[in-house]
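To start, the structure itself, in structure tokens.
The model shown is predicted, which means the values in this text are computed figures rather than measured ones. Each chain gets a letter, A, B and so on, in the order the sequences are listed, and its residues count up from 1.
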Amino acid sequence: MKIATWNINGVKARIDNLRAWLTESAPDIACLQEIKSIDEGFPRLEIEALGYHVETHGQKGFNGVAILSKTKPDEVIRGLPGDDNDEQSRYIEAVFSVPSGAIRVASIYLPNGNPADDPVKYPYKLAWMERLRLHAANLLLLEEPLILAGDYNVIPEPHDCFDPAVWATDALFLPQTRAAFRRLEALGLTDAVRATTDATKLYTFWDYQAGAWQKNNGIRIDHLLLSPEAIDRLKSTSIEKSTRAWEKPSDHVPVSGEFDFA
DNA sequence: ATGGTAGAAGATCTA
């Protein structure tokens, strides 16, 4: 069973690429971020025509997440718990039945946080990460396969970016950001890509600007974090880099894991 | 120091 995450940077602008990727890569569950659409504006029929169920948590203009799946989820939760005043659509979670029981999958669009000296944006990112930690701690008590997939806007280690010096003061790489990410891992969550390879210079995002793709000036910020019950079932991971060279690409590429939940 | 690009907007904001 293939479970993937992809920040598509606008579902309307990316509909052709999304359809091509769903057809070629054929994930069983696809977690999308930055759909940049309200729920009613999501091209639901075009995705359903490819055999997918569609669950969205949209927002006008910015953000927005979705979970596409070949089987219908048993339960869907919209929004990250912990702050009733947070109006940004950055979290959706779904439970699926598999032969071995139930699995829980979340699509996460963690706040960017830049500029890091902004009085609102970086504190919002850190507060959001703490809310995610508290929610993840509760989910881990369920002792079921849990896949927290998404655009974390976190560069975990220096070798996860082309030039660490360039990112030293960026909200994606500041010590407090990386510490908050390590606190998630310390709960018992495992970075799936890191668990399956020792390779360095693995990137999932290349900026549109300054020829970043051509120069391989990338960063690894899209992650699958797995509970112990999920990592036990993980067979392989893949960073689907070829999509970055497509016409009209997203600046992110899909990251996927192959699982055996039989 | 600035701008470089892209998306959803339909003016700027976000990244």
Please report the distance separating the [atom1] of [N] from the corresponding atom of [M], rounded so that it comes out in whole Å.
| N | M | atom1 | answer |
| --- | --- | --- | --- |
| B:dA9 | B:dT14 | P | 15 Å |
| B:dA11 | B:dA1 | C1' | 26 Å |
| B:dA6 | B:dT2 | P | 23 Å |

ask   = Would a distance-only check, ignoring hydrogens and angles, find a side-chain to backbone donor-acceptor pair under 3.5 Å from A:Thr56 to A:Ala66?
value = no

query = For DNA chain B, whose closest nucleotide is more 5', that of A:Asp207 or that of A:Ser37?
reply = A:Asp207

ask   = Which residue lies toward the 5' end of DNA chain B, A:Ile35 or A:Arg90, if each is placed at its nearest nucleotide?
value = A:Ile35

request  = Mind checking A:Phe205 for me? I need base, sugar-phosphate or nothing, with any heavy atom below 4.0 Å counting as a touch.
outcome  = nothing

message = Just to verify, which of A:Arg178, A:Lys201, A:Arg194 counts as forming a salt bridge (charged side-chain N to carboxylate O under 4.0 Å, His left out) with A:Asp160?
response = A:Arg194

A:Asp163 atom CG, neighbour heavy-atom count above 12 within 6.0 Å = yes

message = Taking CD in A:Gln214 as the centre, count heavy atoms belonging to other residues, nucleotides or ligands within less than 6.0 Å. Is the count above 12?
response = yes

Rounded distance (nearest 0.5 Å) linking atom CG of A:Leu184 with atom CG of A:Leu148 = 8.0 Å

request  = Examine A:Phe181 together with A:Tyr152 and report whether their ring centres are nearer than 6.0 Å.
outcome  = yes

request  = Give the first and the last nucleotide of DNA chain B, reading 5' to 3', that has any atom under 4.0 Å from a heavy atom of chain A.
outcome  = B:dG4 to B:dA15

